[in-house]
2 protein chains.
Amino acid sequence: MKLDEAKQKFVHSWGVLGSNWGINKTMAQIHALLLVSEKPLSTEEVMEYLQISRGNANMNLRGLIDWGIVTKEIKIGERKDFFKADKDIWEVARRITEERSKREVEPVIKILNEVKNVEEESEEAKEFKETIEKLESFTSNLDGLVKKFVKSDEHWFYKTVIKLMK
Amino acid sequence: MKLDEAKQKFVHSWGVLGSNWGINKTMAQIHALLLVSEKPLSTEEVMEYLQISRGNANMNLRGLIDWGIVTKEIKIGERKDFFKADKDIWEVARRITEERSKREVEPVIKILNEVKNVEEESEEAKEFKETIEKLESFTSNLDGLVKKFVKSDEHWFYKTVIKLMK
DNA sequence: CAAAACTTTCAATTTTTACTGAAAGTTTTA
DNA sequence: TAAAACTTTCAGTAAAAATTGAAAGTTTTG
């Protein structure tokens, strides 16, 4: 396979994965593109490669910066901004995990905690509380575990993987 | 808090979580509703509670059945179908994990594997391969680990959580 | 077997989400 | 300091996804 073809395939596939998981396709594609570019890219280059408008490129680049997985670079002698993805997959996973947990999982854990406080003592209420408690325990354990994994370093991760997999 | 209010809050919040993670809101809400209903519900009851059309209710119920986390029940003397969510959170997590992995993660791992086969030996190609390899290793390890977690039983899970957390 | 009870399908519509492009804003340079 | 180079914003538009509702399909019952 040719390098260009491979890049294209990867960028496309990453976009599909992203949109399946609630990340907009373009944002995922820009991220993929920057991940496999040997050098930082300008807005123009991103626009050109993905055939998207300036506004779209700009907003999604900013989005990626907000996630903390892309940074602006300034080239001396150049007036444009250049963008570069963090190539440390660990760092990327860490940031995404922390952000998504904070934005999406933690609020749900909070709600689960709240709705547990049903005063009623009927059979139905008891069953409800039980279901919610299990859900809460599961959710927060999993959330904690994922964070733990991702916070630790690469070496620890693989060690743990190996330990747990056998 | 009153039971009804608590249920409503939970159903709503589960819908939000779902749509953030690429699951349509209604499907997530129906699932939540069935999870906290003491008895199986008919299509009418689901329609009524969530204020949705028959077609919508039907399609999303079928969707949930396809995921393997909701089952049809037949009540003797009744002609309608009734729907019931699997209340074993473990089983639910297991099925969702397996399905999403199969539908969404595995295809990406396959692509990553494919695009590694770049013949070129330029510096750029080398860097590309390195990035993809790291991504692939990370993705498949994480995927494998999550599956492993979810395949094992509740007891093993908590034991592992405790072991890893300290 | 035909009417009733119920379920499924799908074209049309609505809602939501993403994108465009031009205008406004900002920074740099001469 | 004004024009050029570049970035950001956002109202309007387009595209995608979800939903409706009515018609077609299926199963049950008398």
Side-chain angles (χ1 to χ4, degrees), chain A residues 11-12 14-34 39-67 70-84 100 103-104, chain B residues 11-34 40-67 70-84 100 103-104:
Chain A
V11 169
H12 178 260
W14 211 240
V16 173
L17 186 70
S19 56
N20 276 143
W21 290 82
I23 288 137
N24 105 37
K25 197 188 72 195
T26 304
M27 191 185 277
Q29 286 185 335
I30 296 179
H31 182 237
L33 175 60
L34 294 178
K39 55 177 187 48
L41 301 182
S42 67
T43 305
E44 266 83 12
E45 288 168 311
V46 171
M47 287 166 61
E48 162 70 17
Y49 190 94
L50 299 173
Q51 292 292 303
I52 57 174
S53 71
R54 185 170 296 282
N56 195 9
N58 184 271
M59 283 176 107
N60 281 300
L61 280 165
R62 189 149 52 72
L64 288 165
I65 291 170
D66 289 345
W67 279 96
V70 161
T71 47
K72 256 189 201 176
E73 293 253 307
I74 293 154
K75 269 197 201 171
I76 42 167
E78 282 267 22
R79 218 139 133 192
K80 284 183 226 171
D81 288 346
F82 287 80
F83 301 89
K84 181 181 149 189
R100 291 203 87 158
R103 295 185 197 181
E104 295 150 14
Chain B
V11 169
H12 177 259
S13 152
W14 211 239
V16 173
L17 186 70
S19 55
N20 276 143
W21 290 83
I23 288 138
N24 105 36
K25 196 189 72 194
T26 303
M27 191 184 278
Q29 286 185 334
I30 295 179
H31 182 237
L33 176 60
L34 294 178
L41 301 182
S42 67
T43 304
E44 267 81 12
E45 288 169 312
V46 171
M47 287 165 62
E48 161 71 17
Y49 190 95
L50 299 174
Q51 292 292 303
I52 58 174
S53 72
R54 185 169 296 283
N56 195 8
N58 184 272
M59 283 176 109
N60 281 299
L61 280 165
R62 188 149 51 71
L64 288 165
I65 291 171
D66 288 346
W67 280 96
V70 162
T71 47
K72 257 189 201 175
E73 294 253 307
I74 293 153
K75 269 198 200 170
I76 43 167
E78 283 267 24
R79 218 140 134 193
K80 284 183 225 167
D81 288 347
F82 287 80
F83 300 90
K84 183 181 147 187
R100 290 203 87 157
R103 295 185 198 179
E104 295 149 16

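Below, chains carry the letters A, B, ... as their sequence lines are ordered, and counting in each starts from 1. No hydrogens, no waters, no symmetry mates; every other heavy atom, side chains included, goes into these values.
Legend: residues meeting salt bridge (charged side-chain N to carboxylate O under 4.0 Å, His left out) with B:K72, ordered by chain and number and at least two apart, are B:D81. For A:R54, the side-chain hydrogen bond (donor to acceptor under 3.5 Å, both in side chains) partners are A:E44, not counting sequence neighbours. In this structure, the side-chain hydrogen bond (donor to acceptor under 3.5 Å, both in side chains) partners of B:S42, at least two apart in sequence or on a different chain, are B:E45.
Looking at heavy atoms from C-beta onward, B:E48 lies out of side-chain contact with B:V46 at the 4.5 angstrom threshold. Side-chain contact between B:L50 and B:K25 is absent, with no heavy-atom pair separated by less than 4.5 Å. Side-chain atoms of A:F83 and A:R62, non-hydrogen and from C-beta on, never get closer than 4.5 Å to each other. For the pair B:L41 and B:I30, the minimum side-chain heavy-atom distance is 4.5 Å or more. Using a 4.5 Å heavy-atom cutoff, the side chains of B:R100 and A:W21 are in contact.
Put simply, chain B comes within 4.0 Å of DNA chain D, heavy atom to any atom, from D:dA18 to D:dT29, going 5' to 3'.
One interatomic measurement links the two molecules: CG of A:N24 to C1' of C:dT16, which rounds to 13 Å at whole-angstrom precision.
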I'd like a list of close polar pairs between nucleotides 9-13 of chain C and the protein, N/O only, cut-off under 3.5 Å.
residue: C:dT9; atom: OP2; partner: B:R62; partner atom: NE; Å: 3.4
residue: C:dT9; atom: OP2; partner: B:R62; partner atom: NH2; Å: 2.7

Polar atom pairs (N or O), protein with nucleotides 1-4 of chain C, under 3.5 Å:
residue: C:dA4; atom: N3; partner: B:R79; partner atom: NH2; Å: 3.3

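In this structure, CG on B:L33 lies 11.5 Å from OG1 on B:T26, to the nearest 0.5 angstrom. Interatomic distance, OG1 of B:T43 versus CG of B:L61, reported as 5.5 Å (0.5 Å rounding).
When each of B:D81 and A:G22 is assigned the nucleotide of DNA chain C bearing its nearest heavy atom, the one mapping closer to the 5' terminus is B:D81.
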